[in-house]
There are 2 protein chains.
Amino acid sequence: MSVEHTILSILSFWPSTGYDIKSEFEHKAAGLFWGMSYGSIYPKLKKLEEEGFIYPIEQEEDGRKKKLYELTPKGWEEFENWLQLPPAYPVIKDELFMKMATWHDDMDFSILIGHLQKRKEETEDLLNFVKEWPTNGYSYVSRTAMLSIRYAKIRLEAELKWIEESIYALENDDLPNGQDPNQNTEKLLERRRKAINGEKET
Amino acid sequence: MSVEHTILSILSFWPSTGYDIKSEFEHKAAGLFWGMSYGSIYPKLKKLEEEGFIYPIEQEEDGRKKKLYELTPKGWEEFENWLQLPPAYPVIKDELFMKMATWHDDMDFSILIGHLQKRKEETEDLLNFVKEWPTNGYSYVSRTAMLSIRYAKIRLEAELKWIEESIYALENDDLPNGQDPNQNTEKLLERRRKAINGEKET
DNA sequence: TTCCGCATGTAATCTGTTACATGATTAC
DNA sequence: GTAATCATGTAACAGATTACATGCGGAA
């Protein structure tokens, strides 16, 4: 998904400044699914204007001047054509799972448990936000947006459940059985031991 | 998470070539959580070697020469220090949810349903892979890796459930109620109508 | 009067991908 | 013999972030 189309999406709700767009991702629900920096936003707004997808409305509000951007007919068309293209499958890039998958049997589990506990708190915070958002009294949430928020809720709840199970398993040494047809755990630990001992000897 | 640490992670399992590392993300479970291209891998391997984290083992196997890389003691240390750093919270960058949240009430829902159906198939494929992986008889899956895989399973199942609910809601016009304190839906549709009609008149 | 939030913008940098070049071996 | 897979690598490019520069208005 391109930054350009994301900007068109935001502008489809209401005319916005570059600063507004950034805030949308910083403090609001859009930030759950996307993000971008000023260094991307302002140059892209310029480009979108040059290409005729958006146009600026100079505003003098409270004596403070700002540049609201609005979609042109061509901009609406581009936006809606993009909506109809099938979305790419998302990549789950999660450092926690990478680290977990690669944790050695003889490394301290308490650190991994700490990582999980931190994730638990973060997930709980997000879940609270997601639950309150659609009934906070002032935010605009369309009916289809409710479906997106429902997804976030379902997913975060599933994640929490998993975190709690995992912490329990690690604390009580009740881990599921893996699969190790070539005695890899042993080989791995042996390679590691050799490397570390070799270091100490020198 | 950096490419460098990801490479160290892969090498912690067993010495590998650049090609092996790429395969790990292409055909195996690691690809669920991460990915990278040759254009990143080979230069990084070079860099990691120069910095003393890995060293090459030239191999003449079946007459075919390849360069296996192994961790140095310094490499093991760097890898394990990295494991202990708290992982960053993952960003959920998902075009489907962005598109869904921004779908207009007077745009054809059948296209959105099509997007969901496509996602459903992709998710089912992944889920099948995730279920078979830990019992396929040849892959190495450590006990902590089993926890990661469990997460993928729980999450994909939650996703499937949500997709099915959403398709049902869209097909039967049974969408949840949103929140619209400022009549934004109306304003939005009006802005859009004006832009599109204005276009047709000119 | 000082700090914070609003507001716009750029230059340097970073990080990674795509596309290409090359060549050996193996399976059909 | 020819297509697929194994294997290594680079150059050009794309995409985005970080850090900086600038300035107004309102609150404490």
Side-chain angles (χ1 to χ4, degrees), chain A residues 1-8 10-11 14-28 30-31 33-51 54-70 88-91 93 95 98, chain B residues 1-8 10-11 14-28 30-31 33-51 54-70 88-91 93 95 98:
Chain A
M1 177 152 115
S2 62
V3 173
E4 278 97 329
H5 286 119
T6 313
I7 290 178
L8 296 182
I10 302 289
L11 296 186
W14 39 65
S16 310
T17 67
Y19 189 86
D20 293 336
I21 292 170
K22 174 78 172 141
S23 316
E24 205 67 37
F25 290 106
E26 207 126 88
H27 316 296
K28 304 191 181 168
F33 303 125
W34 219 261
M36 58 181 74
S37 65
Y38 290 126
S40 305
I41 294 172
Y42 285 109
K44 289 294 178 191
L45 283 172
K46 206 176 179 179
K47 197 188 154 209
L48 286 168
E49 188 192 340
E50 281 165 10
E51 292 170 340
I54 62 178
Y55 64 95
I57 316 171
E58 301 278 350
Q59 281 232 330
E60 195 85 23
E61 198 179 272
D62 326 310
R64 177 186 266 150
K65 58 180 180 302
K66 55 180 180 175
K67 227 164 144 183
L68 282 170
Y69 283 97
E70 169 64 304
Y89 202 87
V91 189
K93 289 207 174 182
E95 207 174 310
M98 197 73 198
Chain B
M1 177 153 115
S2 64
V3 172
E4 278 97 330
H5 288 119
T6 313
I7 290 178
L8 296 182
I10 301 289
L11 296 186
W14 39 67
S16 310
T17 67
Y19 189 86
D20 293 336
I21 292 170
K22 174 79 171 139
S23 316
E24 205 67 38
F25 290 106
E26 208 128 87
H27 316 295
K28 304 192 183 169
F33 303 125
W34 219 262
M36 57 181 71
S37 64
Y38 291 126
S40 306
I41 295 170
Y42 286 108
K44 289 292 177 194
L45 283 172
K46 207 175 177 179
K47 196 187 155 212
L48 286 168
E49 187 191 342
E50 281 165 11
E51 292 170 341
I54 62 176
Y55 63 96
I57 317 170
E58 301 278 350
Q59 281 236 328
E60 195 82 21
E61 197 179 271
D62 325 311
R64 176 188 268 151
K65 57 181 181 304
K66 54 181 182 174
K67 228 165 144 184
L68 281 172
Y69 283 97
E70 169 65 303
Y89 202 87
V91 189
K93 289 208 173 183
E95 206 174 313
M98 197 75 198

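Small disclaimer: the values here were computed from a predicted structure and weren't measured. The chains referred to below are lettered A, B, ... by the order of the sequence lines, with proteins before strands, and numbering in each begins at 1.
The interatomic distance linking B:Lys22 (NZ) with D:dG9 (P) rounds to 16 Å, in whole Å. Across the protein-nucleic acid pair, A:Tyr19 atom OH and D:dC24 atom C1' stand 13 Å apart, rounded to whole Å. The NZ atom of A:Lys66 sits 4 Å away from the P atom of C:dA7 (whole-angstrom rounding). One interatomic measurement links the two molecules: CD of A:Glu58 to P of C:dT8, which rounds to 9 Å at whole-angstrom precision. We find that OH of A:Tyr42 is positioned 12 Å from P of C:dC6, with the value rounded to whole Å. To the nearest angstrom, P of C:dT8 lies 11 Å from CD of A:Gln59.
OP1 or OP2 of C:dT8 has not a single side-chain nitrogen or oxygen of A:Lys65 nearer than 4.0 Å. An OP1 or OP2 oxygen of C:dT8 is reached within less than 4.0 angstrom by a side-chain nitrogen or oxygen of A:Thr17. Residue B:Ser23 places none of its side-chain N or O atoms closer than 4.0 Å to OP1 or OP2 of D:dC6.
With sequence neighbours excluded, no residue satisfies side chain to side chain contact (heavy atoms under 4.5 Å, CB included) with B:Pro43. Partners of B:Glu24 by side chain to side chain donor-acceptor pair (under 3.5 Å), not counting sequence neighbours: none found. Residues passing the side chain to side chain contact (heavy atoms under 4.5 Å, CB included) test with A:Tyr42 are A:Tyr19, A:Tyr38, A:Leu45, sequence neighbours excluded. Not a single side chain to side chain donor-acceptor pair (under 3.5 Å) links A:Lys46 to another residue, sequence neighbours left out. The side chain to side chain donor-acceptor pair (under 3.5 Å) search around A:Lys22 returns A:Glu26, not counting sequence neighbours.
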N/O-N/O pairs, protein side and nucleotides 17-20 of chain D side, under 3.5 Å:
residue : atom : partner : partner atom : Å
D:dT17  : OP2  : A:Ser37 : N            : 3.1
D:dT17  : OP2  : A:Ser37 : OG           : 2.7
D:dT17  : OP2  : A:Ser40 : OG           : 2.7

TODO: For side chain to side chain contact (heavy atoms under 4.5 Å, CB included), just list the numbers for B:Ile41 and B:Val3, CA-CA rounded to whole Å, side-chain angles, deciding distance to a tenth of an Å, and then say yes or no.
DONE: CA-CA 8 Å; B:Ile41 295 170; B:Val3 172; 5.7 Å; no
